[in-house]
Structure formats: structure tokens, C-alpha cells
Q: 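Structure incoming, see below.
Whatever order the structure lists them in is the order used to number ligands and atoms, beginning at 1.
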Amino acid sequence: GTAQIGVTGLAVMGRNLARNFARNGYTVAVHNRTTAKTDALVEEFGDEGAFVAARTPEEFVAALERPRRLVIMVKAGEPTDAVIQEFAPLLDEGDVIIDGGNAHFEDTRRREKELRGRGIHFVGAGISGGEEGALNGPSIMPGGSAESYASLGPMLEKIAAKAKDGTPCTTHIGPDGAGHFVKMVHNGIEYADMQLIGEAYQLLRDVAGYSPAQIADIFRTWNTGRLDSYLIEITAEVLSHVDAATGKPFVDVVLDRAEQKGTGRWTVQIALDLGVPVSGIAEAVFARSVSGHADLRDASRHLAGPTARKLREDEAPAFADQVEQALYASKIVAYTQGFHEITAGSEQYDWDIDLGKVAAIWRGGCIIRAAFLDRITSAYEAQPDMPSLLSDKSFAEEIAAAQDDWRTVIATAVAQGVPTPAFAATLAYYDSLRAERLPAALTQGQRDYFGAHTYHRTDREGTFHTLWGDDKSEVEN
Ligand code: NBP
């Protein structure tokens, strides 16, 4: 074979990824279960580079140079297993299968282990950036063996997005499922980012009284500052868009029920298993869920709300500035929680993930790309074993400067009855970490009372139990 890489699964993502490889000078073997898609790709884009159209798995494998590198870009779940089972028997020792789909990292661990036993490298690679990123440069988060990265890395680095300083937005994340785990948390952070932006929008609309077009301008201004990011940029685009059919703001004609494909939910499920408080991300997932309960919402519209005074027009600009502060502070906390989950996953599965590098490869290509990630990169470079992003002096200082406004915005939201679950959850997390004493002491007392679950004391070592039903004397266990 002559192709340096092959892509099987030519829906939007696979097709664009194949074109990206071809545009970068690689010969790309392409294959799809339904061959019409293979033909269409070569017909439409054949002049962009060197493609080898393969009709059967055998033709596809034969087209590849050895060791073979074969990217699977099919629907995550059973289709991925089906394709692996179809191709693996045709491969030789040392060949590399890359799964670029949104696989659950536990599936990736299982597949990697099975294929390792057959001498095949399996690389679960998280790919972010949607169709546009796949074509012009995504952020790529490959797991798998270090050996596989030696052969694959240079190609991935070539097709990946480049950060402003020219660094490719890909790196070897760690063994087996590390890449898909990091991609999962990326998506969880993306959920939180989007929800926080949504809450900021709602406050500017319902409390400050701005129109969608005015809010688009506010976001454009924010995008020139520390909130500079892809999601803020596209938010302004969406908010300024006018529906052609009705002449109304586009955002007012879209049904307000958010859908989800599962990576945000996984982030929260795994966080619960690992014991990591990702409350901001969890509230973002729940917020989508609440929005989807149309019947519940219909049945609740008559429920009483507050009678707080609305802001006057001349008060709106100052409030908008406060919302920017709140958004920034909450964003720092959401990222702090996401990075904590990566730390916990890395410890649990022995992945040895470099958090600074993770932040670095999210600076371009992916949905959460943001100027702010440069700062996270430098923070982890300066202090790789930082217990939390909030331990970084400059982030702590920025939150210190923002916190009064952050509190005011949330207090105003509560007074006006505007739901801001992610703003509130991230502030509560921040205050929980700061607190001298938490009511967890009372919780321990209750647990000891009803279940003799015991407790530890602040003043001496040991495990204790109070004889609650008796003379309330304390015994040491
Ligand atoms: P889809 O997720 O819509 O999958 C369609 C592809 O899967 C087609 O090529 C289809 O072949 C193939 N396929 C299916 Br379905 N079942 C198969 C089977 N049993 N055997 C062989 N092929 C099978 O495509 P996508 O939206 O391009 O996404 C691909 C992957 O990338 C997914 O895992 C997705 O989660 C991930 N991803 C998507 C995005 C995005 O923005 N869309 C971003 C990041 C990651 P056919 O043509 O013969 O039906």
C-alpha cells in the first residue's frame, strides 16, 4: 500500500478529517460502509490531494503503508465495535487503529486491552472542533501507547490546529483511555461554559432589559477582553441573527429545549464515581435536562415569582459590567472543577497526565478555545502539582477582584427570580473551599446519631462514637 493513513466512516467528521490529511500532503485511503459516500468524497474533493478509494475492508487495508494507520470515524458505541471486529483480523502486529469518535473512555480501555493482546495499537483519540475543526485543524487528544504516538504524532501535529504561538493542538495525553477521558472532560467544561454564557444572556435580557442585538454587542465587547473565546464569539453571532421567516431575533423563534448527546452526562457520572465535585458542570447538564421537561414547565408557569423592582435603564450598563465579572469568576471555577476531574482520573488510572499540556492543546481548534487557556497553561507550567487552579495566585487575585460583583449578580438573579444554577453553584463551590468550618461536622453528628457511623475529632486522633440513646458519653472505637 501507498497510503500513510486511512479513514473509514465518511460522514461529516470522517470526510473532513480525510480531506485535512490529504490537504497536508498525505496519501489517504478512504472507506465507508455505504460506498456511495466514498465515491462522493473522491468525486467532490479528489483534486484536494491524493485519495485512494477503497470499496471493501480488504481493499482498504491493502491500500495502507505498513505499519498501517487506520482512523475509525463512525458513530460511537456499537458501530465502533463492529468496525473494529471487521478490520482487526485483517491487520498485522504493530498496526495502529485510531478511534476518533466520541467513545466513552471505559470502552476505549476495553478495546485497547483487547487489541493489545493481538499486537495492535489502539489509540482512542478525542477530536474537538466539529466539522469545521476536522477540516481546518481540530484539537486532538490521543491516548494509547507512547510507541503508537511516535509513529502517529507527527501526522496528528500536522493536521491539528495551531495555537497562536504555533504549537500544534495535540499531544500524547497518556495510556489507553486517557485521550477520551480528557475529551469527555473538555465537553463537560464546554457544557458549563455554554450554560454560564446562557445565564449571562438571560440576566442581560430579563434583568437589564437589553435586546438580543444589544446583548450581541455586549458579547462582542467582552470578546476583546479576558473572555476572548470561540464560544463568546459565536454567541454574539447567534444573538445578532434575525430569523428570515418572521423578522424576529433568531433566539426568540428557537424552541428552548436543549438537547445533549451524552459527554456532559458522562463527565458528571464519572465525577460522582471519582468523588470530584464538578457542581458547575453538573448544573449545566441538569439545566439542559430541566429545559427539556416541557410538561413540567407548562404545569409550573403559574407558580409565584418575586416582585422585586426591575433595573432602571440607566442602571443597566453597570449591571452588564458586573455580569462580565460574574461570568469570568464562574468560568475560572468551572475549569478548576474540570481540571480536578482530570487530576483524579489520571491518579485513578495511572495516566500521568500533564495538565499544562492539556490546557495548551485546548488553545486552538476545539470548542472551548479561549485566550484564557494560555494563562492556565502558564499556571500549570509554573507549578505542575498545583492542588487546584484556584491555588494559582493570579487567578485567585482576579476572583478576589470580581467576587463582590459576582455575589451581587447572583443575589440580583435570586431577587428577580432568574435561574442562574451554574453561576450559583460555582460561587457556592468557591465559598465552600474558603470556609473555615463546613456543616459537614453536623452531618457527621447526624450520621453518628442514626447509624453509629462514627466521627473524627478536631483535637485528637482516633475514631469516636457518642452513645446518643444512652447517657451521651463518648466511646473510642
Ligand atoms: P455519525 O456519528 O453520524 O456516524 C455516521 C458514520 O458511521 C457513517 O459513516 C456510517 O456509515 C457509519 N456507521 C454506522 Br452509523 N454504523 C456502522 C456500522 N455498523 N459499520 C460501519 N459503519 C457504520 O458521524 P459524524 O457526525 O461524522 O461523527 C463521527 C464520530 O465523530 C462520532 O463518534 C461522533 O460522536 C464524533 N464527533 C462528532 C463531532 C461532530 O461535530 N459531528 C465532533 C466531534 C466528534 P454509513 O454511511 O454506511 O451509514
Side-chain angles (χ1 to χ4, degrees), residues 6-21 28-45 53-61 70-90 97-108 111 122-143 156 159-161 169-170 177 179-191 194 230-231 234 259-267 361-362 364-369:
V7 179
T8 182
L10 301 175
V12 282
M13 289 295 288
R15 185 183 58 193
N16 283 355
L17 208 62
R19 291 172 63 199
N20 189 347
F21 277 115
V28 188
V30 285
H31 172 266
N32 193 64
R33 176 179 63 179
T34 312
T35 51
K37 270 190 202 156
T38 317
D39 296 338
L41 166 61
V42 176
E43 193 166 314
E44 267 181 77
F45 306 108
R55 285 167 192 285
T56 62
E58 290 75 14
E59 264 182 55
F60 183 59
V61 167
L70 173 169
V71 181
I72 301 178
M73 242 8 236
V74 301
K75 199 168 160 149
E78 277 169 29
T80 307
D81 281 314
V83 172
I84 291 171
Q85 292 319 320
E86 195 172 10
F87 284 94
L90 308 174
I97 297 181
I98 302 108
D99 173 19
N102 267 335
H104 193 291
F105 77 97
E106 292 284 16
D107 283 335
T108 302
R111 290 166 183 151
F122 183 74
V123 176
I127 301 186
S128 177
E131 348 178 0
E132 203 272 337
L135 183 61
N136 297 316
S139 173
I140 312 176
M141 295 150 250
L156 297 183
I159 67 152
C169 292
T170 185
H180 274 137
F181 186 94
V182 165
K183 172 61 167 41
M184 171 188 80
V185 176
H186 164 284
N187 285 28
I189 292 173
E190 173 186 314
Y191 272 59
M194 291 170 68
Y230 173 72
L231 281 170
I234 66 163
E259 292 171 13
Q260 48 184 317
K261 283 193 171 167
T263 43
R265 188 175 64 237
W266 293 347
T267 308
I361 67 164
W362 287 349
C366 65
I367 304 296
I368 65 170
R369 61 184 182 262

Q: Distance-only, no hydrogens or angles: does the Asn20 side chain make a donor-acceptor pair with backbone N or O of Ala134 under 3.5 Å?
A: yes
Q: Can you name the residues that form a salt bridge (charged side-chain N to carboxylate O under 4.0 Å, His left out) with Arg19, not counting sequence neighbours?
A: Glu48
Q: Please check: side-chain N/O of Thr56 versus main-chain N/O of Glu59, any donor-acceptor pairing under 3.5 Å?
A: yes
Q: Could you state the interatomic distance from CG (Asn187) to OG (Ser128), rounded to the nearest 0.5 Å?
A: 6.0 Å
Q: Report the residues that fulfil ring pair (Phe, Tyr, Trp, His ring centres under 6.0 Å) with Phe87, sequence neighbours left out, ordered by chain and then residue number.
A: His31, Phe60
Q: Residue by residue, ordered by chain and number, which ones reach under 4.0 Å of ligand 1 with a heavy atom?
A: Gly9, Leu10, Ala11, Val12, Met13, Asn32, Arg33, Thr34, Lys37, Met73, Val74, Lys75, Ala76, Pro79, Val83, Gly101, Asn102, Ile127, Gly130
Q: Which atom pairs, one a donor and one an acceptor, fall under 3.5 Å between side chains of residues 98-105 and the rest of the protein, sequence neighbours left out?
A:
{"from": "Asp99", "atom 1": "OD1", "to": "Gly101", "atom 2": "N", "distance (Å)": "2.9"}
{"from": "Asn102", "atom 1": "OD1", "to": "Lys183", "atom 2": "NZ", "distance (Å)": "2.8"}
{"from": "His104", "atom 1": "ND1", "to": "Glu106", "atom 2": "N", "distance (Å)": "3.1"}

